[in-house]
Every structure is written in C-alpha cells, then in structure tokens.
> 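There's a structure below that I have some questions on.
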Amino acid sequence: MTIRTRFAPSPTGYLHIGGARTTLYNWLFARRHKGTFVLRIEDTDEVRSTEDSVTAILDSIRWLGLDWDEGPVDLAADRGPYAPYYQMKRLELYQKHVRGLADAGKAYPCYCTREELDAMRKEAVAAKRPAVYDERCRRLTDRQKAEHEAAGRRPSWRFHMPETGETVVDDMIRGRVAFDNALLPDLVIQKAAGGPTYNFACVVDDHCMEISHVIRGDEHLSNTPSQARIYEALGWTPPKFAHLSMILGPDGSKLSKRHGATSVLEYKALGFLPEAMRNYLGLLGWSTTDSRQLFFGTELVEAFDLAGCQKNPAIFDQTKLTWMNGEHLRKLSRQDLLEHAEPFLKNAGLTGPLDPPLDRTVALEGEKCKLLADIPGRVEIFYKDVVFTPKALDGVLKKPGVKEILLDVAGLLEGAEPYAEKVLEERIRAYCEAKALKTGQVFHPLRAALSGRTEGPTLFGMIEVLGRSKSVGRLKAAAALL
RNA sequence: GGCGUGUUCGUCUAGCGGCCUAGGACAUCGCCCUCUCAAGGCGAAGAUCACGGGUUCAAAUCCCGUACACGCCA
C-alpha cells in the first residue's frame, strides 16, 4: 500500500505548536514508510484566510526542517500530480460532487437563514432537546423551493445523513469509536455563497488526492463519522484515521497566547533549534517503550510509529524543550553552531569579521548554552569593554595581593612563546607554585580582571582567544583600578 | 444540554492480569568532578496508578458507575 499523508492547515493565523506536531507526525509517518507527504491549504474561509498566514505556515514548516512532496511552492504556485493544492482553486470540484449527491437524492437545498437556525437552536436547548438542525428543509416541496427562490433566498446544501443505526470509526490511535446516527445532523456541505464547508472539502480532497492516512488533531474525531458517511455516499473508501491528542498549556487548558509563545516562529526567535523542536514535539504524545528521550539526525524517522501515540492530552513544557535544545546544541559541529548563532549574534551587534573571530569564541562558549539566544551574552566579553560585576570587583579583585598577581601575570603573558593555551597554563601554574599561591587565588582574579565576571570560559582558553595584547591590556587596566 | 475522548510522580511518559514494595526523562535538592559557569557522574525526594464498585487466586492493567478535564454539535 502506498502511504500518502497530508497536513491541511487553514491559513487563518500562524502555525502553532499543535499544528506543528500534527505536521511532524504526518511527515514522520510518510518518511518512515517511504510514502508521500502532501501539504494542502484549506483557504475556503475567505474572511479569515490571509496570504500572510500562508507564508508564515510555509516558513514555519520549512524552518522545522520538514519538506513536502506535493503542495504549494509559494503563494501563487503549487506542484504535484493532484494540483491545485489551494482549496479556493478547487471550488468546481466540490460543486460537482455536491450536484452528484443532489442528483442521487443524498443532498438537498436548505433555505433556512442564520437567524432561523439560531432561533431553532435556542428553542431546542430550551426544550432540552439536542441542539441539532431539525432537518426541516429535507421535506420541502418543489413549490416551497420555488417560493424561497422567488423571495431571493440562496440555498445552502445539506447532506442527508442516515437516521438509524450507528457509524463506527476505526481509529488507529483510539480504537473503535461508535456514534449513533440519529444524533448526526444533516451537515451543510455547500454554503449559500457556493463554497464548500470544511467537512466536505476535506473528504473530497483527501479522496481525490489519494490520501491513505489522515493524521489530525483530536478535535476532528467528532466530525469523522459524518465524513465517513459522505465517503460512503460518494462511493469512496475512506482513508485510515488517526486522531492525535491535544496539546495543553501549563494550567491544563487549551494552549493559547496567554501561556506564552505558541507559534513555531516565536520559538525560532527565542533561539530553539529545529531539531530540538522536532525531538520534543515528537515525544509530546508519542513515546517508545524504552522511554528514550533524545533523537538525533534521522533517528526519529526510523523509530516513529503510530502505535506509540498517546490518547490523553499533553501539557507543553518549555523547560524540558529548553533542556533538549541544549543537548542538540552540543551535538552541532562548530560550523553549524556558528551558522545557527549568527542571526542572534547579529541581533546583539556582533557581526563579523571581528577580533577574536566569532567562530573561536562561539566554539568556546556555545556548548554551555541552552538557547542560541544565550550565546551573544556569553561571547560579548571578548568584544565589549570590560564591565565589572559587583561580585567580580568587590568579591574577587579587591583583595590584598591581587594587584600584584595581575601585574605579574601580565608580564608573564607578554613573554609567553608560543602564545597558546597549553603554554599559558604551564607558565601560570608554575607562577602559582613559585609564589606558593593556591591556583584559585590566581585563577579567579584573572578571570574577573579579563572578563569582569566571575563565570565564563575556561581561563586559559579565554586568554589565548582574547589574544596577547587585549589580555595584557585588560590585566593592567584592572590592576590600575586597585 | 447531547454525543465523543481522556484521567500513572509538578510535567512528558513506561506499563497491555503475576517480573510493580510502579521504571525512565525534565524540573527540584544533595554529593562528586572542577580554574568559574555549564556539561557529566552518583544519590535523594516525589505517584494511596482520579474516585467507588465489581470480575479474578491475583488488577495501574479487564468490566460497570461517578467525578473532573477537554473536544464536537456551535
């Protein structure tokens, strides 16, 4: 069986965490089974859909490092054997199938206005009946229809749902889920304005694009029996369904803006790595039986399996994501780390070429960071004038004997040949011994004098990378303060 | 309101009737390593497996009910 999955976002906003995970799972499943991953834009909500959203969604998916085999290339073009992949370009197809259903007596026009529908619903709720459409237009005579048309009413089209028995959805994650047909309302499949509704367009497209597995959020589980009936009425075999649990905020409610960052592009800006994001999202609602945490390179694709998917919702934990990001950061090559860090360095005013070169300072400090955004703050000591923290100045430097040590070491550095970490360390340690000083008595003031801080790079690495003249200069400058 | 889904340490999860006095990971705390900060190593604390009934020699695991949360109808 050829595996074809899809992600079908509505471009009514940015790609949020939940959508990102759905995309990831569809992509992983397709890649795992050497299938095809399709991207389809469900832009039939003309009021809420925006081009900016489309761009943001495409950018987000690309940033995550996920590629699609068929779908939009940009705002104007799409590519693939089932094009177009923008639903607004497929309206005729939906209308054709609505007509087909109408001709077969499985769909009928409904002339009810929004107000009438609202009133009906209120009445039903007041009478404690299920708040579903009462299917009154199903029984309209030709004459009544003509009257409505004459009055200028444009009908929406409803799908005639079976009223008895049950509809069973065999979900790959949730198992067998049964719904009572009597409770399935006659769904609108085409709006009065002519556009399809979500549930209809989705069915038509998934079938026409030969999607084999629909992996989507839990919020669609309740729509699935209705969709299953539409497949049946159209004479189509439905795809396999897999409904993913929701992602919640720290307080257990649906993840939203008040919980902090929810868009994947925000996480990019915060300094998270796409591979860390994939790793974390992959594990949010899915796991292996050995509870493995870290996946690098293609390991996620190799391990992924729908069977490991969780039924219950998961709370998004940025702290764990941050830890994971540090793990992935440390796995990066020196060159990759620098490339990823560049936008953040630039943002902090650190653009090359600089002395010392950024690749050296980033290599020295990058591995200690959890976020790319942490890097500038750690390497800036090499480039900016020394600013002493109170702890460095009062707690470390302003001690008896420190001035002499700084001056002595400055002199030592001036004569060190070659000027390299190993040599520097040997000389300075020898100096400690000669003066009968504990290494800490010397190392700590040196660090404070060179960087203004009490924490930072490994001392001798810092002295080497800083360079002879800057190091000596800083030591002398600090000594002059004492 | 109806229907659907879910409920194991603070969080993500392992667990598919005996291996569970419930395992791992993040976070927290302590110790070690160490020129600092990280990282790493070791350890501690943390879950009456939502609650109540059953079934069974035996249940976190199976069945029923209740509560709560979330979703859909909207």
Side-chain angles (χ1 to χ4, degrees), chain A residues 114 117-118 121-122 124-133 166-167 169 171 173-175 177-188 198-199 217-226 243-255 280-294 307-327 329-330 364-370 374 377-378 381 391-392 395-396 425 428-429 432 438-448 450-451 453-463:
Chain A
R114 159 135 258 132
L117 259 13
D118 283 344
R121 188 161 57 227
K122 269 186 203 144
V125 169
K128 298 210 190 288
R129 274 182 284 120
V132 296
Y133 177 63
E166 62 175 17
T167 299
V169 174
D171 190 273
I173 295 172
R174 329 201 80 99
V177 186
F179 298 83
D180 185 350
N181 287 343
L183 268 7
L184 259 28
D186 282 358
L187 275 191
V188 173
Y198 162 77
N199 280 299
D218 188 36
E219 67 269 28
H220 292 113
L221 182 58
S222 299
N223 293 146
T224 309
S226 302
H243 287 92
L244 268 17
S245 58
M246 313 263 316
I247 297 180
L248 308 176
D251 60 356
S253 68
K254 195 173 172 174
L255 193 62
Y280 180 71
L281 253 19
L283 249 29
L284 199 61
W286 169 78
S287 66
T288 54
T289 52
D290 60 359
S291 297
R292 181 173 172 195
Q293 300 293 309
L294 265 9
C309 286
Q310 200 71 20
K311 295 191 183 88
N312 47 304
I315 289 174
F316 186 80
D317 180 11
Q318 202 175 120
T319 308
K320 185 163 181 181
L321 204 211
T322 305
W323 163 76
M324 218 172 242
N325 203 63
E327 296 292 323
L329 216 52
R330 256 167 258 120
L364 206 54
E365 284 298 88
E367 65 166 24
K368 297 180 186 175
C369 298
K370 290 192 168 165
D374 296 339
R378 292 196 83 113
I381 51 166
K391 214 172 151 192
V396 179
E425 177 161 6
I428 294 171
R429 283 189 188 274
C432 294
K438 280 193 267 183
T439 54
Q441 279 177 280
V442 174
F443 294 173
H444 296 310
L446 286 179
R447 166 171 293 103
L450 289 165
S451 70
R453 302 179 186 179
T454 52
E455 90 287 305
T458 174
L459 184 60
F460 308 104
M462 173 163 66
I463 299 176

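Naming convention: chains lettered A, B, ... in sequence-line order (proteins, then strands); numbering from 1 in each chain.
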> Indicate, with a heavy-atom threshold strictly under 4.0 Å, whether A:A448 touches base, sugar-phosphate, or nothing.
nothing
> Pick the P atom in B:G46 and in B:G1, then give their distance to the nearest Å.
40 Å
> Taking atom C1' in both B:U56 and B:U13, what distance in whole Å separates the two?
29 Å
> When you get a sec, tell me which of B:C72, B:G2, B:C35 is the closest nucleotide to the side chain of A:L183?
B:G2
> Under a 3.5 Å limit for both distances, which nucleotide forms a Watson-Crick or G-U wobble pair with B:C16, could you say?
none
> Base contacts versus sugar-phosphate-only contacts with protein, heavy atoms under 4.0 Å: please encode nucleotides 7-26 of chain B as B, S and - from 5' to 3'.
SS--SBSSS-------BBBS
> What's the verdict on side chain to side chain contact (heavy atoms under 4.5 Å, CB included) for A:L284 and A:L321, showing C-alpha distance, side-chain angles and the deciding distance?
CA-CA 10 Å; A:L284 199 61; A:L321 204 211; over 6 Å; no
> Roughly how many Å is it from CD in A:E219 to C1' in B:U5, rounded to a whole number?
12 Å
> Would a distance-only check, ignoring hydrogens and angles, find a side-chain to backbone donor-acceptor pair under 3.5 Å from A:D171 to A:H243?
yes
> For B:A60 and B:G52, measure between their P atoms and round to the nearest Å.
13 Å
> Using a 3.5 Å distance criterion without hydrogens, assess whether the side chain of A:N312 forms a donor-acceptor pair with backbone atoms of A:S245.
no
> Taking the nucleotide of RNA chain B with the closest heavy atom to each, which residue, A:K254 or A:G461, is nearer the 5' end?
A:G461
> Return yes if the base of B:C37 and the side-chain atoms of A:R453 contain a donor-acceptor N/O pair under 3.5 Å, otherwise no.
no
> Rounded to whole angstrom units, what separation is found between the CG atom of A:D180 and the C1' atom of B:C72?
15 Å
> When the distance from CG of A:L255 to C1' of B:G71 is rounded to whole Å, what number comes out?
15 Å
> Sort out the partner of B:A60 for me: Watson-Crick or G-U wobble, both distances under 3.5 Å, none otherwise.
none
> With both distances under 3.5 Å as the test, what is the Watson-Crick or G-U wobble partner of B:C3?
B:G71
> Mind checking what makes ring-ring contact (aromatic ring centres under 6.0 Å, His included) contact with A:Y280, not counting sequence neighbours?
A:F316
> How about A:Q293 and A:L283: do any of their side-chain heavy atoms sit closer than 4.5 Å?
yes
> A:R174 near the nucleic acid: base, sugar-phosphate alone, or nothing, with a heavy-atom cut-off under 4.0 Å?
sugar-phosphate
> Sequence neighbours excluded, which residues qualify as ring-ring contact (aromatic ring centres under 6.0 Å, His included) partners of A:F179?
none
> What integer distance in Å separates A:H243:NE2 from B:C72:P?
12 Å
> Round to the nearest Å and state the distance from A:E367 atom CD to B:A39 atom P.
11 Å
> Figure out the CG/P separation between A:L329 and B:A38, and round it to whole Å.
16 Å
> Report the residues that fulfil side chain to side chain contact (heavy atoms under 4.5 Å, CB included) with A:T319, sequence neighbours left out, ordered by chain and then residue number.
A:D317
> Taking atom P in both B:C3 and B:C64, what distance in whole Å separates the two?
16 Å
> Are the side chains of A:I428 and A:I463 in touch, meaning some heavy atoms are under 4.5 Å apart?
yes
> Taking the basic N atoms (NZ, or NE/NH1/NH2) and the acidic carboxylate oxygens, is any pair closer than 4.0 Å for A:D218 and A:R174?
yes
> Give a yes/no on whether any side-chain N or O of A:R429 is located under 4.0 angstrom from OP1 or OP2 of B:C35.
yes
> With sugar-phosphate meaning primed atoms plus P, OP1 and OP2, does A:L221 contact a base, only sugar-phosphate, or nothing at under 4.0 Å between heavy atoms?
sugar-phosphate
> What is the distance from atom NZ of A:K254 to atom CD1 of A:I247, rounded to the nearest 0.5 Å?
11.5 Å
> For A:H444, what residues pass the ring-ring contact (aromatic ring centres under 6.0 Å, His included) criterion, not counting sequence neighbours?
none
> Could you work out which one of B:C37, B:C35, B:C72 sits closest to the side chain of A:S222?
B:C72
> Rounded to whole angstrom units, what separation is found between the CD1 atom of A:I247 and the P atom of B:G71?
14 Å
> Looking for any heavy atom pair under 4.0 Å, which part of the strands does A:G456 touch: base, sugar-phosphate only, or nothing?
base
> With P as the reference atom in both, quote the distance from B:G43 to B:G18 in angstrom, rounded to an integer.
28 Å
> With a 3.5 Å limit on both atom pairs, tell me what B:G40 is paired to, counting Watson-Crick and G-U wobble, or say none.
B:C32
> Between B:G24 and B:A14, how far is it from one C1' atom to the other, in whole Å?
7 Å
> I'd like the P distance from B:U36 over to B:C31, given in whole Å.
15 Å
> Check for a donor-acceptor pair, side chain of A:R330 on one end and backbone N or O of A:K370 on the other, with a separation under 3.5 Å.
no
> Does B:G65 have a Watson-Crick or wobble mate here (both distances under 3.5 Å), and if so which one?
B:C51
> When every nucleotide of nucleotides 63-69 of chain B is labelled 5' to 3' by its protein contacts under 4.0 Å (heavy atoms), B for base, S for sugar-phosphate only, - for none, what sequence of letters results?
-------
> Could you let me know what B:A22 is paired to, Watson-Crick or G-U wobble, both distances under 3.5 Å, or none if it's on its own?
none
> Rounded to whole angstrom, note down the C1' distance from B:C26 over to B:A45.
15 Å
> Start at the 5' end of RNA chain B and walk down; is the nucleotide closest to A:R378 or to A:P185 reached first?
A:R378
> Distance criterion of 3.5 Å, no angle test: do you see the side chain of A:K368 paired donor-to-acceptor with the base of B:C37?
yes
> Distance check needed: B:U34 C1' versus A:R447 CZ, whole Å only.
11 Å
